[in-house]
Amino acid sequence: MSPAVSQEDLDAVAAQLGREPRGVLEIAYRSPDGKPGVVKTAPKLPDGTPFPTLYYLTDPRLTAEASRQESAGVMREMTERLGTDSDLAAGYRRAHESYLAERNEIESLGTDFTGGGMPDRVKCLHVLIAHSLAKGLGLNPLGDEAVALAAESSLRGTAIPADWPTVAELRGDTA
């Protein structure tokens with residue numbers, strides 16, 4: 001546990017997860033209403049178990065929305081676009097490389113697995129949403145889109161920044 005993580009935050013995350021959090025380095029994203037939303041975790045848990053998910057979504061509102069999007073087929077549509085949109089694929093690869101470099105600065109796991117399916121497919125929107133919220137708009141194009149989809153619900157201004165762009169804005173659709 002980092003001194004930057006308060007016991008109050010750890011207690012809040014434990015309540016969100018329904019279990020004690022492990023390997024928390026910091027609160028990487030706090031929602032507009034002040035709740036922890038994403039934790040940054042150590043590449044290895046205290047017991048030495050590798051944990052490649054650097055950013056972990058904790059806010060139940062966001063985890064439910066990520067699950068809803070996954071059930072609605074959003075991952076399949078995003079993966080299909082990766083195969084036809086070279087700019088999108090390049091941006092997603094850059095997000096993967098950034099994620100891997102950041103994790104390796106903490107501790108290398110000796111793998112290029114980063115989670116979420118990066119860089120070739122979309123496997124877990126929880127990871128992509130966590131990454132985008134933790135790092136901010138512009139690094140992970142598909143995470144940014146998943147956050148924009150989540151913002152279409154009642155989460156805008158509560159769990160998601162009120163000024164997060166829409167999917168159409170992210171894609172440059174002006175029609």
Side-chain angles (χ1 to χ4, degrees), residues 16 25-32 35-41 43 50-106 109 111-175:
Q16 289 174 329
L25 299 174
E26 66 184 58
I27 302 300
Y29 170 77
R30 192 175 296 279
S31 64
K35 297 178 179 148
V38 176
V39 294
K40 184 175 185 179
T41 58
F51 193 77
T53 305
L54 183 62
Y55 293 106
Y56 194 86
L57 201 59
T58 63
D59 187 316
R61 300 168 296 181
L62 296 169
T63 58
E65 175 59 22
S67 296
R68 187 200 64 73
Q69 288 182 30
E70 288 177 357
S71 295
V74 171
M75 294 183 307
R76 180 177 54 253
E77 182 270 335
M78 288 178 167
T79 297
E80 288 170 3
R81 287 178 41 229
L82 284 173
T84 61
D85 184 334
S86 60
D87 289 340
L88 179 63
Y92 197 53
R93 179 162 292 282
R94 283 190 299 275
H96 159 76
E97 291 165 355
S98 174
Y99 195 103
L100 184 61
E102 186 176 358
R103 189 185 70 213
N104 285 345
E105 281 182 26
I106 300 166
L109 294 178
T111 180
D112 64 357
F113 174 80
T114 52
M118 292 186 282
D120 302 314
R121 64 190 177 116
V122 179
K123 182 181 172 192
C124 179
L125 292 177
H126 296 76
V127 169
L128 301 186
I129 290 171
H131 189 215
S132 282
L133 289 172
K135 299 307 289 182
L137 188 62
L139 177 61
N140 189 324
L142 295 177
D144 291 353
E145 283 189 20
V147 174
L149 287 170
E152 291 176 1
S153 71
S154 61
L155 298 180
R156 183 178 295 278
T158 57
I160 296 169
D163 61 351
W164 198 272
T166 66
V167 172
E169 290 168 335
L170 289 170
R171 292 185 185 177
D173 297 341
T174 56

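Atom set for the values below is all heavy atoms of this structure, side chains included, hydrogens, waters and symmetry mates excluded. Remember, predicted model here, so these are calculated numbers, not experimental data.
- Residue pairs that meet the side-chain hydrogen bond (donor to acceptor under 3.5 Å, both in side chains) test with at least one member in residues 114-133, sequence neighbours left out, are S67-H126, E70-H126, R93-D120, H96-T114, H131-N140, S132-D144.
- Rounding to the nearest 0.5 angstrom, the gap separating the CG atom in L142 from the OG1 atom in T79 is 8.0 Å.
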Chi angles and distances behind the side chain to side chain contact (heavy atoms under 4.5 Å, CB included) call for L100, L54: CA-CA 9 Å; L100 184 61; L54 183 62; over 6 Å; no
Stepwise side chain to side chain contact (heavy atoms under 4.5 Å, CB included) check, D85 with L82: CA-CA 6 Å; D85 184 334; L82 284 173; over 6 Å; no
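- Minimum heavy-atom separation, I160 to Y29: CA-OH, 3.6 Å.
- Rounding to the nearest 0.5 Å gives a distance of 11.0 Å between CZ of R81 and OH of Y92.
- Panel note: side chain T63, backbone P60; a donor-acceptor pair is recorded below 3.5 Å.
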Chi angles and distances behind the side chain to side chain contact (heavy atoms under 4.5 Å, CB included) call for K35, T158: CA-CA 9 Å; K35 297 178 179 148; T158 57; over 6 Å; no
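- Residue R30 holds its CZ atom at 11.5 Å from CG of D59, rounded to the nearest 0.5 Å.
- Proximity of a side-chain donor or acceptor of E169 to a complementary backbone N or O of T166 within less than 3.5 Å is detected.
- Contact of the Y99 side chain with the T53 side chain is registered, since non-hydrogen atoms from C-beta on lie closer than 4.5 Å.
- In this structure a side-chain-to-backbone donor-acceptor pair under 3.5 Å is present from Q16 to P36.
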V38 vs T58, side chain to side chain contact (heavy atoms under 4.5 Å, CB included): CA-CA, chis, key distance, verdict: CA-CA 5 Å; V38 176; T58 63; 5.8 Å; no
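- Taking 4.5 Å as the limit, every side-chain heavy atom of L109 sits out of range of all side-chain heavy atoms of N104.
- Distance check: F51 CZ to T41 OG1 gives 4.5 Å after rounding to the nearest 0.5 Å.
- With sequence neighbours excluded, no residue forms a salt bridge (Lys or Arg N to Asp or Glu O under 4.0 Å) with R94.
- R156 places a side-chain N or O within 3.5 Å of a backbone atom of W164 that can act as its donor or acceptor partner.
- A donor-acceptor contact closer than 3.5 angstrom links the side chains of E102 and Y55.
- Residues A148 and P165 share a closest heavy-atom pair of CB-O, 3.3 Å.
- Between R171 and D173 there is no salt bridge, since no side-chain N of the basic residue sits under 4.0 Å from a carboxylate O of the acidic one.
- Taking CG from L88 and CE from M78, the interatomic distance works out to 8.5 Å, rounded to the nearest 0.5 Å.
- Contact check for L133 versus P161: side-chain heavy atoms found under the 4.5 Å cut-off.
- In summary, R61 and E65 do not engage in a salt bridge, as defined by a charged side-chain N under 4.0 Å from a carboxylate O.
- For the atom pair L57 CG and L125 CG, the distance stands at 10.5 Å (nearest 0.5 Å).
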